[in-house]
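These notes are about the structure you will find just below.
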Amino acid sequence: MRINTLESSIAEHQPLPDKIANFVREAIIVGKLKPGEKISEAKLADELHISRTPIREAIRMLESEGFVSIIPRRGTIVSEFSLEDLYEYFQIKACLEAFAAASVVDSLSERDLTKLKRLNEEEMSAVKSGDFSNYLRIHDDFHQTFLARTGNRKLALVIQQLGFHIRRLEKIFNDHPEIFITCSETHGDLITAFESRDSNRVRKIVEQNILHIAENIKQYEDGIAGNDVT
Amino acid sequence: MKNVSSVISEHKTLREKIVEVLREAIIRQKIRPGERITELEVAERFGISRTPIREAFRQLESEGFLTIMPRKGAVVSSIEEKDIRDFYEIKGVLEGYAARQAVARMTEKDILRLEQFNKEIKLCAERQDVTGMTRAHNAFHELILEVCDNRKIKQVVGGLVRQFLRFRFYVASLVHVEEILRDHTDIVAAIRSGDGERAEACMKLNAQLGLEVLLKEFTSGTKNKIN
């Protein structure tokens, strides 16, 4: 595991445990740390030249998010995850994000809508040019733009955390760009529904889009198994 | 904090007893947000050693009641109105969803267990056993989360509840037990009749009850003394 990314992020204003959690979570998401692999507090403390207290706190955060399991006498290991687990995270995300999107309908400004349209165009062209890593960044920005308008920061945070789990599928998504096309098209419909301030329609679009992706990933089980994820 | 020894039962550990007394004192605003309490003060008051008090402080910190300051003792944490609103909003959405999903999967045995938890809530309320009541209350909500066709939802709600554990104790302590039981009975009835939408609506109303009680406590309670 490399630590220079962490050192560079330390400059940002964030509590140390959060930074460590972000760093370890990212390593899990991108597969640098594999399911079942042991995470040693002592080794992390040694590598990062920090005390074990913030590391322990970070590990506890990741445990409550479901990324690691703390097993007595064995220590901390990266949680295994199954397609079923991810499907369940999708369901919860669909439920919460649909609620959040519907609740911001009246608070989105003209500037927000303009930004959403610009991002939607950008994601369309990223899909066309096959620039998937850029696509995912823009896609995320699109969601954050309307989630930022919910007065409930905790809700936005929970939705973001659920998104972390789903990112473990990124490699699979890259092999199936049709998902990106469907998503971008749906974002266009969503903007129209936002513009007409139709909260029921917003709720339906968001919910159905997420569940649609969830149904789709069920077909990619082989791909997931091939990636050593069981 | 006077008639403590007569109120609490014999079989609890010293730490548990101290936790209950302090928790109740905070909920009843006999000790107020921002107020400082020290181990020494509590030790002298009860005539006991500081070790169980330190443990009690730590438990109350993990429940969100206290913030421990090194060398300075502990300060009663304040409650932000925003936190109350945000927490109950998410809880209502997730638990409502879980209740709707759980309806089709509930067995007769599950439903009987829900009813049993409601009986326990009532019994504990009669004995003024807030801890027992909170435990039965949690068990009722957790069973619904467990039965629903999504194992991760319990983890997500659990993570949230842990951060706001304090609210649970307020609800158990301040809400009339009749109101809780009314909501819970409605939820069980909706589940029994197989009506998912009604189960969801009832569950959201239950979250609303917690919200209203805490808001009332927060907005009036910080200015005027309760009782």
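All figures in this text were calculated on a predicted structure; none of them were measured in a lab.
Taking a cutoff of 4.0 Å between a charged side-chain nitrogen and a carboxylate oxygen, R56(A) and E41(A) qualify as a salt bridge. Salt bridge D112(A)/R149(A): present, at least one basic N to carboxylate O contact under 4.0 Å.
Proximity to chain B is absent for every atom of Q161(A), based on heavy atoms less than 4.5 angstrom apart. R151(B) touches chain A through backbone and side chain together, each having a heavy atom under 4.5 Å away. Residue contact with chain A, scored on non-hydrogen atoms closer than 4.5 Å, involves the side chain of V156(B) exclusively. For a residue to count as touching a neighbouring chain, one of its non-hydrogen atoms must lie under 4.5 Å from one of that chain's; by this rule D83(B) does not touch chain A. For chain A, no part of Q101(B) is nearby; none of its heavy atoms comes within less than 4.5 Å.
Here the NE2-CZ distance, from H139(A) to F173(A), works out to 8.5 Å after rounding to the nearest 0.5 Å.
Among the candidates L155(A), V206(A), N152(A), T150(A), the single residue satisfying the side chain to side chain contact (heavy atoms under 4.5 Å, CB included) test with F99(A) is L155(A).
Using cut-offs of 30° and 60° on the angle between ring planes, the pair F167(B) and Y88(B) is parallel.
By number of non-hydrogen pairs under 4.5 angstrom with chain A, the leading residue of E89(B), K82(B), R85(B), R162(B) is E89(B).
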